[in-house]
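What you are looking at is a predicted structure, and each value in this text was computed from that prediction instead of being measured. A, B, ... follow the sequence lines: proteins, then strands. Residue 1 opens every chain. As a basis for the values below, the full set of heavy atoms in this structure was taken, side chains included, without hydrogen atoms, waters or symmetry mates.
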There are 2 protein chains.
Amino acid sequence: MSDLLERLRGRGWRMTAQRRVVAEVLDGEHVHLTADEVHARAAAKLPEISRATVYNTLGELVSLGEVVEVSTDKRAKRYDPNAHRPHHHLICARCGSIRDVHPTGNPLADLPASERFGFTVSGVEMTYRGLCPDCAALV
Amino acid sequence: MSDLLERLRGRGWRMTAQRRVVAEVLDGEHVHLTADEVHARAAAKLPEISRATVYNTLGELVSLGEVVEVSTDKRAKRYDPNAHRPHHHLICARCGSIRDVHPTGNPLADLPASERFGFTVSGVEMTYRGLCPDCAALV
DNA sequence: AACTTGACTTGGACTAAGTCCAATGTAGGA
DNA sequence: TCCTACATTGGACTTAGTCCAAGTCAAGTT
Ligand SMILES: [Mn+2]
Ligand SMILES: [Mn+2]
Ligand SMILES: [Zn+2]
Ligand SMILES: [Zn+2]
């Protein structure tokens, strides 16, 4: 069972059928669903769940730090439950499939002071682009 | 005068008043305007220019490789005329201001084969996050 | 300079993604 | 069991962007 649900209960989150199915849908590795996909999968288990509730719940999970929003392409945001381990993404330019990746090195150290323009730099996101094995085979 | 216009003319781009003002608006360093901002600035010079033409023109400039789309936050795409020199971005989390940055190092080399999942990796985008000097001073 | 024509522009309708809200329902404590 | 603060809902609304048929015009030809 998802330990996401355990953590949420421990934080005093009021448990409802809707929140439970959303949390269940967001379980697993390499999961990067759009809000609409989350809604479709949640509705398969709880047909009357509304779009508004899915958006509300995703927003709360993001505020709680349990889920991170990923803006991979220019379309819908994706919701990533793998927030407990920081990581970056590798995206297929053709089919859009996404993998979690963990590059070596420290990219923050690669930004010299002369390139910081006085900013206080706190983080960096890396998005690798390429073709997945299936899509590369089609070419 | 913008050498963007020179390059476009050299490529046989039919020159119209609309395309000229869009190209003029997109001149400069650290420029990352939304389509609406481009439209507003273009309309200041050519009041009758339509939103559709701004979108069409931006799309063509992107296809030609003269402008790159940047999806910094989850809101509107931004259009970056600094395409001739590859670079990454540093974004203020509070006010959204964006600077072009050139980190040292080779991030592609930092993704080991075991983290490539069989993908053919062709590029990487890095987005640094932080607070600009003005916003940091407010805290 | 006028002609021609395919490329460009336009306004408005349309779509996708997301937000907002007043009315209704309910989880969980008393 | 009762209460009520919090959660859910449907639908209206907003923002960003796409699409299209009809009108316009840049630039090559005569
Ligand atoms: Mn991820
Ligand atoms: Mn830039
Ligand atoms: Zn693919
Ligand atoms: Zn700022």
Take E125(A) and R129(B), measure what salt bridge (charged side-chain N to carboxylate O under 4.0 Å, His left out) needs, and give me the verdict at the end.
-> CA-CA 8 Å; E125(A) 299 149 30; R129(B) 306 267 175 192; 2.7 Å; yes

For DNA chain D, which residues in residues 34-50 of chain A have a heavy atom at a distance below 4.0 Å?
-> E48(A), I49(A), S50(A)

Taking for R78(B) and for A17(B) the nucleotide of DNA chain D with the nearest heavy atom, the one nearer the 5' end belongs to R78(B)

For the helix from dA1(C)-dT30(D) to dA30(C)-dT1(D), what angle lies between the axis at the first five pairs and the axis at the last five pairs, to 10 degrees?
-> 20°

Looking only at side-chain N and O atoms, does Y55(B) come under 4.0 Å of OP1 or OP2 in dG17(D)?
-> yes

Quick one: R75(B) CZ to dT14(D) P, roughly how many Å, whole number?
-> 15 Å

At under 4.0 Å, does any side-chain N or O of T57(A) touch on OP1 or OP2 of dA7(D)?
-> no

Indicate whether any N or O donor in one side chain lies under 3.5 Å from an N or O acceptor in the other, for H87(A) and D80(A).
-> yes

Side chain of R51(B) - closest among dT19(C), dG17(D), dT9(C) | dG17(D)

Are the side chain of S63(B) and the backbone N or O of G59(B) linked by a donor-acceptor pair below 3.5 Å?
-> yes

For L61(B) and dC8(C), what is the distance between atoms CG and P respectively, to the nearest whole Å?
-> 12 Å

When you check the phosphate oxygens OP1 and OP2 of dC8(C), does a side-chain N or O of R19(B) lie under 4.0 Å from one of them?
-> yes

Starting at CH2 of W13(B) and ending at C1' of dC8(C), how long is that distance when rounded to a whole Å?
-> 10 Å

Which letters describe nucleotides 20-25 of chain C, given B = protein heavy atom under 4.0 Å from base, S = only from sugar-phosphate, - = neither?
-> B-----

Separation between CG (N56(A)) and OG (S50(A)), nearest 0.5 Å, reads 7.5 Å

Starting at atom CG of L8(B), determine the distance to atom C1' of dA27(D), rounded to an integer number of angstrom.
-> 17 Å

Indicate whether any N or O donor in one side chain lies under 3.5 Å from an N or O acceptor in the other, for H30(B) and R99(B).
-> yes

For R20(B) and dT9(C), give me the distance from atom CZ to atom P, rounded to whole Å.
-> 11 Å

Rounded to the nearest 0.5 Å, the CD atom of E60(B) sits from the CG atom of L58(B) at a distance of 9.5 Å

For the residue pair P81(A) and G28(A), what are the closest heavy atoms and their distance?
-> CG-O, 4.1 Å

Starting at NE2 of H102(A), measure out to CG of L90(A) and round the result to the nearest 0.5 Å.
-> 12.0 Å

Modelled atom types, side-chain donor and acceptor of D100(B) and H88(B), under 3.5 Å | no

About how many Å separate CG of D36(B) and OH of Y55(B), when rounded to the nearest 0.5 Å?
-> 5.5 Å

Under 4.0 Å between a side-chain N or O of T53(B) and OP1 or OP2 of dT10(C)?
-> yes

Start with the C-alpha gap between E66(B) and R7(B), add the side-chain angles, then the distance that decides, and say whether salt bridge (charged side-chain N to carboxylate O under 4.0 Å, His left out) holds.
-> CA-CA 9 Å; E66(B) 294 290 350; R7(B) 282 199 300 278; 2.9 Å; yes

Can you tell me how far P of dA17(C) sits from CD of E69(A), to the nearest Å?
-> 15 Å

Can you check whether Q18(B) has a side-chain N or O nearer than 4.0 Å to OP1 or OP2 of dT24(D)?
-> no

Please report, rounded to the nearest Å, how far the C1' atom of dG28(D) is from the CE atom of M15(B).
-> 17 Å

Hey, what do you get for CZ (R41(A)) to CD (E24(A)), rounding to the nearest 0.5 Å?
-> 13.5 Å

